[in-house]
Amino acid sequence: MVEVTAATGPPSTAEDVQWLRVDDLSAAGTVRRAAEGLAAVLGFPPARAAELGLAATEIATNVVRHAGGGSVLLRSLRGARTTAVELLAVDRGPGMVDVAAASRDGHTTAGTLGIGLGAIVRLADDLEIFSPAGVGTVLVARFDADRRVPTPADPTAAGLTRPITGETACGDAYLIRHDGERTLLLMCDGLGHGPIAAAASQRAVAALRGQPWPVGPDRAVATLHAALSGTRGAALAVAELDPVAGVVRLCGVGNIAAAVVHREAKRSAVSMPGVAGVRMRAVRTFEYPLPEGALVVLHSDGLTGRWGPSRIDGLFTRSPLVVAAALLAEAGIRHDDAGVVVARARA
Ligand SMILES: [Mn+2]
């Protein structure tokens, strides 16, 4: 859950709605119907919903034809009076090398890829593609219900969750809040899987969302420990990015990884043992330098720690949502809920 309160626009909230595996061309129809269904829920006019469906078909078809398979995530964006659908496609294919050329209609060196991208470019209100050769492709496309009234996504922070294979409820959840230049992140992994784990992590999200801005992450974690009493408990971490002070303050309990990425360096943070809501000793906040442009990444153990700037060239200059998606593709595991949240220090 993202809550954008940027001074530049109305608040909007982003939510992961559905992950779809795309392994063969028949899946394109499934993706189209799911996208059109979400558009209907979000109040899209029928003509715009049909355009979204067309783009969804092309996106899913590209994943199969170009990469042999991958995943598509449907996300909803809700503004004060507007809505949008975000489609996110992830594959581990060969990458496109020349995104600009592939975006022009009629470019055919990758089969139908170019033609499909041309349609996506025309129909989407925002499009970002990260497609390094040999790594794979992350595509993020936003489709506004009303193209004259955009519902922009948060440019400085984004999170993704993906349930364990076979489940629809995800036990991992996150929260993003902004206050001026400061950003507050929560990543929470409810113990176990399924609805009970999801209930615990959603309770943590609700508890932190409803609080005044915490005095520090350790205070936030103490509040969450109390709020999770009576649940199975959770691993969680809270980060406060304070670019004016040039630091990020971090406090974690249990197995949530936290790291600061700047240029070629990844610096991992300390987490303390325990289970929030069940057993937790006194916690403290650790401070790390936050250079301009640095990224803060929190993720559950549904991602391994085997990621970093040296593994995917150029990734960490991209938007937080693309970074989150690429990390999930690179380091995510299928036999656990996965959650990752990424934020860049606000200039
Ligand atoms: Mn887990």
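Position 1 is the first residue of the sequence; numbering continues from there. Note that ligands are numbered from 1 as they come in the structure, with each ligand's atoms numbered from 1 the same way. Every heavy atom of this structure was used, including side-chain atoms; hydrogens, water molecules and symmetry mates were not. What you see is a predicted model; the values in this text were computed from it and never measured.
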*asked:* In the structure I gave you, are the side-chain heavy atoms of Leu25 and Thr61 within less than 4.5 Å of one another anywhere?
replied: yes
Quick note, salt bridge (Lys or Arg N to Asp or Glu O under 4.0 Å) partners involving residues 244-261, not counting sequence neighbours, are Glu240-Arg249, Asp242-Arg249, Arg249-Glu287
- Message: Under 4.0 Å between a side-chain nitrogen and a carboxylate oxygen: does that hold for Arg81 and Asp146?
- Response: no
Fill in: Arg344 (side chain) donor-acceptor with Arg318 (main chain) under 3.5 angstrom
yes
The complete set of ring-ring contact (aromatic ring centres under 6.0 Å, His included) pairs with one or both residues in residues 190-238, sequence neighbours excluded, reads none
By side-chain hydrogen bond (donor to acceptor under 3.5 Å, both in side chains), Asp16 pairs with (sequence neighbours left out) Arg75, Thr161
Under 2.8 Å from the Mn ion (ligand 1), the protein N, O or S atoms found are Asp189 OD2, Asp301 OD1, Asp336 OD2
